[in-house]
Amino acid sequence: MQTRESVLEKFSTFLQFDTDWVSRWVSDPKLQRSMKNCLAQSSQSQQISEHFWALYWHKIWQTQSNHLSAAHLTAYLQEVSYWTAKKMMLTFSSSQSFADLFQISLTKIEKILAKFEPQQGVTLEKYASLVFRSIIRDELRQRREVDICSDWGLLHKLSQKKLLESLRYQGLKSETINELLKAWKCFQTIFVPTEARNSRKIPEPDPAIWTAITQLYNKQSTQKPLTSEQVKKLLETGAKMARSYLYPKFVSVDAPKPGFEQGTFLDDLPATFDESLLSEIIAQEEAENRNQMRSLLNAVLLRALVKLDVPSQKLLQLYYGQGLTQQEIAQQLEMKQYTVSRRLASHRQSLLLTLAQWSQTTLHYSLNTDVLNNMSIILEEWLKVHYNHPDQA
DNA sequence: GCATCGATAAGTGCCTCTCA
DNA sequence: TGAGAGGCACTTATCGATGC
């Protein structure tokens with residue numbers, strides 16, 4: 001992809017896709033006129049950076065919320081979206097098309113503009129990059145999960161609201177929707193999966209369960225009684241409609257294999273497919289998160305560290321810098337091993353708290369156990385590097 | 001304004017457990 | 001087996017409420 005050079009281009013051109021690949025930059029005449037006017041009115045336009053114009057259009061968007069400012073910013077973030085989508089595609093070996101990943105991120109522009117806070121010291125480009133990654137990752141994970149879900153797993157975890165939306169979307173008559181919903185409620189009432197640990201692997205209910213579901217259904221229905229096979233078909237139809245409604249662009253893996261009356265792509269999936277792939281994704285994600293956080297939070301940690309009193313800094317220096325054991329430090333400082341342990345833990349906790357607060361307010365990270373665990377790992381690594389190779393920290 | 005009291009948080013000591 | 005951390009009990013520091 002050829003990168004855009006001028007500010008005018010950056011705020012008025014969009015990527016055009018040829019099949020699934022980027023072919024060229026296309027200029028939007030309206031945005032081009034608007035940007036030219038702005039540049040002409042600014043006597044120092046040559047010196048003003050793209051970051052200024054990003055902040056300028058963001059300010060306009062915040063105060064007036066007009067389409068023009070959003071369009072300028074969407075044009076500006078094309079490259080960020082491009083590189084993020086490309087990186088995520090390589091990282092996750094995604095089966096989704098590049099154009100899809102690119103579009104997925106750009107559909108959330110409004111959300112990014114709403115949450116971006118320039119005063120936090122992060123550029124819009126950097127902030128968008130972080131959010132795009134998160135959006136694509138979540139979308140991939142969600143799609144992967146549903147794609148490999150069995151009909152029964154999908155039906156089991158669907159909410160009534162989503163199922164109803166799916167059926168209405170398919171244009172079914174209200175009587176048919178009611179019958180399907182009734183069958184689904186009976187399914188939810190009677191069927192309790194034995195493999196509750198992993199809803200995606202939920203197998204088909206056994207014949208006795210189908211009989212019970214059918215009996216309950218017929219008891220509640222005023223229509224002609226159905227057989228177990230008919231109730232099963234009804235629910236399978238519901239599952240397929242929900243799948244196609246929730247994820248319309250992608251071919252479901254439980255669709256019949258071409259040329260075969262029976263059997264689905266789902267049947268061909270190895271039993272460990274989802275777990276290994278998800279573990280891989282999560283591992284890569286954690287490693288990437290750690291690297292990204294390390295560079296971003298370096299300055300924050302340095303500031304937090306110099307705020308500690310001298311004895312605390314000496315304790316950290318002895319432990320992380322000189323590599324002394326807690327027992328050795330205890331002898332040197334004339335205290336007990338457990339006091340050294342407690343103080344080290346206390347300092348780590350204090351630094352972790354600083355990190356967490358900064359991440360929450362600046363990057364809008366939602367703090368959960370995983371995020372805090374990652375931060376804790378980063379902190380530990382950072383302390384070792386800082387006290388041994390300060391230039392690399 | 002000052003002294004007292006109670007609640008709470010933080011620190012410490014001892015012992016023990018977990019893990020590599 | 002040694003390093004490090006956690007549980008429990010106790011002490012100390014801090015802070016707000018109350019009474020004089």
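Remember, predicted model here, so these are calculated numbers, not experimental data. What's counted below: heavy atoms across the whole structure, side chains too, no hydrogens, waters or symmetry copies. Just so it is clear: chains get the letters A, B, ... in the order the sequence lines come, proteins before strands, and each one is counted from 1.
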Problem - Qualifying residues under side chain to side chain contact (heavy atoms under 4.5 Å, CB included), relative to A:Thr214, sequence neighbours excluded - result: A:Asn218, A:Ser228, A:Val231
Practice task
Would you mind listing every side-chain hydrogen bond (donor to acceptor under 3.5 Å, both in side chains) that reaches into residues 340-351 of chain A, with sequence neighbours excluded?
Solution key: A:Ser312-A:His347, A:Tyr320-A:Arg348
Practice task
Please name the pair of heavy atoms, one in A:Glu5 and one in A:Lys10, separated by the smallest distance, quoted to 0.1 Å.
Solution key: O-CE, 4.0 Å
Practice task
Let me see the working for A:Glu9 and A:Trp25 under side-chain contact (heavy atoms from CB on, under 4.5 Å), right down to the final yes or no.
Solution key: CA-CA 9 Å; A:Glu9 285 179 308; A:Trp25 290 102; over 6 Å; no
Handout entry: Reading 5' to 3' through nucleotides 11-17 of chain B, protein heavy-atom contacts under 4.0 Å coded B for base, S for sugar-phosphate only, - for none
Key = -BBBB--
Quick one: which protein N/O atoms are closer than 3.5 Å to N/O atoms of nucleotides 18-20 of chain B? Pair and distance per line, please.
none

Handout entry: Over 12 foreign heavy atoms within 6.0 Å of NZ, A:Lys314
Key = no
Problem - Expected output: side-chain A:Gln331 to main-chain A:Glu328 donor-acceptor under 3.5 Å - result: no
Exercise for the section: Using the test ring pair (Phe, Tyr, Trp, His ring centres under 6.0 Å), find all partners of A:Tyr56 that sit at least two apart in sequence or belong to another chain. Expected result: A:Trp53
Fill in the blank from the handout: On a heavy-atom basis, the closest approach of A:Ala71 and A:Leu31 is CB-CD2, 3.7 Å
Practice task
For the residue pair A:His72 and A:Ser34, confirm or rule out a side-chain donor-acceptor distance under 3.5 Å.
Solution key: yes
Exercise for the section: Considering non-hydrogen atoms only, spot the tightest contact between A:Thr13 and A:Gln78 and give its length. Expected result: O-CG, 3.9 Å
Handout entry: Bounds of contact between DNA chain C and chain A, in 5' to 3' order, using a heavy-atom cut-off under 4.0 Å
Key = C:dG4 to C:dC8
